[in-house]
Amino acid sequence: MINLQGLGSMSSTEERRELKRLERETFGHKVREARRARGLKQADVAEAAGMSRVTLSKVENGEHDLAVSFVRPLAAALGVPTAELFTDTDRERADGR
């Protein structure tokens, strides 16, 4: 779950930077979660998506922004709908969905 506590004390530039970092981490977590749930190796998913394993690792760790052109191939390599990589399942579980 994303913790937004403390953002109010930051400048708008710092807030944007922090939100961007949180978005990368959340997306990366979703990618890793989907890959592991299917028992797939990083190397296999990366190859199927047309990227390097190092890039996929950085995406999963929230250290790298993924180009939009890779989102659909990555979702296909994971065997999930693209939207699943952007869905906040933690919030849905908390809400009972």
Side-chain angles (χ1 to χ4, degrees):
M1 177 156 313
I2 296 175
N3 181 2
L4 300 178
Q5 187 174 9
L7 282 182
S9 63
M10 298 179 182
S11 72
S12 60
T13 301
E14 290 171 325
E15 284 180 8
R16 282 192 301 273
R17 199 173 296 135
E18 181 65 7
L19 287 172
K20 183 76 169 163
R21 182 189 66 76
L22 291 169
E23 288 171 354
R24 279 195 315 269
E25 286 181 2
T26 301
F27 181 80
H29 175 77
K30 296 296 298 174
V31 169
R32 177 181 285 129
E33 188 177 81
R35 178 181 60 77
R36 287 182 174 170
R38 287 153 184 78
L40 301 171
K41 295 179 181 177
Q42 277 184 339
D44 296 333
V45 172
E47 182 179 341
M51 66 180 69
S52 73
R53 190 206 56 80
V54 172
T55 298
L56 178 57
S57 177
K58 287 181 178 182
V59 167
E60 286 187 359
N61 289 313
E63 299 169 358
H64 185 69
D65 283 326
L66 187 64
V68 173
S69 60
F70 281 108
V71 173
R72 204 171 266 149
L74 180 57
L78 291 167
V80 300
T82 304
E84 185 174 316
L85 299 178
F86 297 97
T87 303
D88 186 357
T89 55
D90 291 338
R91 180 176 297 149
E92 290 175 0
R93 278 188 222 125
D95 291 345
R97 292 185 205 163

For this session: List the steps and the verdict of side chain to side chain contact (heavy atoms under 4.5 Å, CB included) for T26 and E23.
Result: CA-CA 5 Å; T26 301; E23 288 171 354; 5.8 Å; no

Exercise. Passes salt bridge (charged side-chain N to carboxylate O under 4.0 Å, His left out), E33 versus K30? Steps please.
Worked result: CA-CA 5 Å; E33 188 177 81; K30 296 296 298 174; 3.3 Å; yes

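When every heavy atom of V80 is checked against every heavy atom of R38, the shortest pair comes out as CG1-NH2, 2.8 Å. Summarising the geometry of P73 relative to A49, their closest heavy-atom pair is CB-O, 3.7 Å, with the distance given to 0.1 Å. L85 approaches F27 most closely through the heavy-atom pair O-CD1, 3.5 Å. The heavy-atom pair separating R24 from H64 by the smallest distance is CD-C, 3.8 Å.
Summarising the geometry, atom CG belonging to L56 is positioned 6.0 Å from atom CE belonging to M51; distances are rounded to the nearest 0.5 Å. Atom CG of L78 and atom CZ of R36 lie 12.5 Å apart (nearest 0.5 Å). Here the OG atom belonging to S52 is positioned 10.0 Å from the CD atom belonging to Q42, to the nearest 0.5 angstrom. A distance of 13.0 Å separates CD in E25 from NZ in K20, rounded to the nearest 0.5 Å.
The pair R21-E18 counts as a salt bridge, with a side-chain nitrogen and a carboxylate oxygen less than 4.0 angstrom apart.
Atom CZ of R72 sits in a sparse spot, with 12 or fewer heavy atoms from other residues, nucleotides or ligands closer than 6.0 Å. Counted within 6.0 Å of CD on E63, heavy atoms from surrounding residues, nucleotides or ligands total more than 12; the atom is thus considered enclosed.
Between the side chain of R35 and the backbone N or O of L40, at least one donor-acceptor pair lies under 3.5 Å.
The hydrophobic cluster containing F86 also contains V45, counting ILVMFWY residues as joined when their side-chain heavy atoms lie under 4.5 angstrom apart, directly or transitively.
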